[in-house]
Amino acid sequence: MTDDQDLKILEQRTFRAVVDDGLWDVVIAVFFAMFAFAPLLSERLGDFWSAAVFVPVWVATYQGVRVVRHRVIAPRVGTVRFGADRRQQLQRLGVVMVAVNALAAAVGVLAFIAVQLNWLDLADGGVAYPLLLGMIVLIGFSIAARITSIRRYYAYGLLLAVAALVGEWLWREGLAVHHGYPVMFGTAAAIILFTGLFRFTAIVRSHPATHDNAMV
Amino acid sequence: MSVSRNGEMDPLGSIDPIIHAPARLQLVTQLYVIEDADATFLSNATGLTWGNLSSHLRKLEEHGYVEINKGFRGRKPRTVVSLTDRGRAAFQHYRTTIQTALGNLPD
């Protein structure tokens with residue numbers, strides 16, 4: 001363990017050991033659950049409020065995850081402060097994620113406006129929209145997977161990208177409502193949620209809570 | 001670098017015995033790739049018991065290789081350990097020595 005490459009691998013393994021506790025999966029699942037539930041709620045709440053009601057849900061989930069990480073994960077796994085390189089990478093990831101989300105939001109808003117003004121008929125040229133959404137999601141998750149070295153994020157990107165396309169196909173075939181979003185994104189979010197909870201449970205079970213009273 | 005009996009340079013002779021012990025090498029290597037970590041993480045990462053971890057860290061601290069800060073997280077004690085500049089330099093020297101020594105071995 002003296003090679004530069006070995007040290008890089010050790011740093012990545014350390015990062016995964018501390019960060020990959022399954023709780024980010026829960027946040028991701030709750031975020032994408034909006035794609036499943038918002039179309040169903042839009043009939044009652046309208047397009048804006050059906051999405052807006054999820055903002056407090058996201059905030060509550062994020063805060064809940066922070067509390068669980070502090071109270072449950074940190075006493076079991078421990079805490080680590082990473083070096084400047086890793087911190088810079090994470091800052092870059094934050095910027096990229098904001099940009100990807102802003103782009104996805106912009107695409108969504110533009111599509112909404114275009115449909116309202118009859119410039120875009122989702123029934124005819126609609127494949128471009130799920131394709132674009134799928135690509136944005138895939139690129140975002142691939143970047144996250146690359147920076148964090150958590151490989152299952154590639155699978156999440158692929159899962160969500162496929163969900164958008166298959167959902168559209170189901171809707172066109174008359175097998176699903178709302179472009180297939182409720183069934184496909186609901187399934188994808190459930191898979192991500194259960195994967196995260198499984199990982200979280202495994203970590204909690206394999207790391208008993210401890211504190212360093214015995215340290216001299 | 002020390003000189004062996006036959007007069008040749010012997011890189012293995014200048015290996016730092018404080019770092020060379022397997023448990024301490026694990027600790028120093030782990031601390032080298034991060035800024036600092038608490039004792040819970042170090043115990044998990046190295047598989048050392050609290051007692052062993054404590055004694056190895058104390059030895060490293062005595063030689064100025066690590067800095068140990070004790071504090072509290074809420075009401076629970078928390079020990080944070082970081083590698084000092086001296087510890088980093090010692091580990092870098094150790095790496096160079098080992099790489100030189102192993103590089104000189106015949107195939």
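Residue numbering restarts at 1 for every chain, and letters A, B, ... go by the order of the sequence lines.
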**Prompt:** chain A heavy atoms under 4.5 Å from Gln26(B): which part of the residue, side chain, backbone, both or neither?
**Reply:**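 No part of it gets close to chain A.
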Option that, when pairs with chain A are counted at under 4.5 Å, heavy atom only, ranks first among Ala37(B), Ala45(B), Ser55(B), Ser43(B)
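Ranked by contacts with chain A, first place is Ala37(B).
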Practice item. Could you tell me whether the side chain of Asn44(B) and the main chain of Arg76(A) form a donor-acceptor pair under 3.5 Å? Key: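 Confirmed, Asn44(B) side chain pairs with Arg76(A) backbone.
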pair Thr14(A)-Ile34(B): side-chain heavy atoms closer than 4.5 Å: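 Yes, side chains in contact.
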Inset, instruction - For side chain to side chain contact (heavy atoms under 4.5 Å, CB included), just list the numbers for Thr79(A) and Arg78(B), CA-CA rounded to whole Å, side-chain angles, deciding distance to a tenth of an Å, and then say yes or no. - result: CA-CA 10 Å; Thr79(A) 51; Arg78(B) 181 169 179 254; 2.5 Å; yes
Should Phe82(A) and Asp36(B) be marked as a side chain to side chain contact (heavy atoms under 4.5 Å, CB included) after you check the CA-CA gap, both sets of side-chain angles, and the distance that decides it?
CA-CA 7 Å; Phe82(A) 289 93; Asp36(B) 62 39; over 6 Å; no
Note: Asp6(A)-Arg95(B) ion pair, threshold 4.0 Å (strictly below):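 Between Arg95(B) and Asp6(A) there is no salt bridge, as every charged N stays at least 4.0 Å from the carboxylate O atoms.
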- Query: Would you call Arg87(A) and Glu35(B) a salt bridge, taking side-chain N to carboxylate O under 4.0 Å as the test?
  - Reply: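 The answer is yes: the pair qualifies as a salt bridge.
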Worksheet item: Can you tell which of Val80(A), Val18(A), Asp85(A) has the highest number of heavy-atom pairs within less than 4.5 Å of chain B?
Response: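 Going by pairs under 4.5 Å, I would pick Val80(A).
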Neighbour count above 12 (heavy atom, 6.0 Å) for [X] [atom1]:
X	atom1	answer
Trp58(A)	CH2	yes
Phe37(A)	CZ	no
Arg16(A)	CZ	yes

- request: Check the pair Asp38(B) / Arg81(A) against salt bridge (charged side-chain N to carboxylate O under 4.0 Å, His left out), numbers first and verdict last.
  value: CA-CA 9 Å; Asp38(B) 65 10; Arg81(A) 212 148 52 105; over 6 Å; no
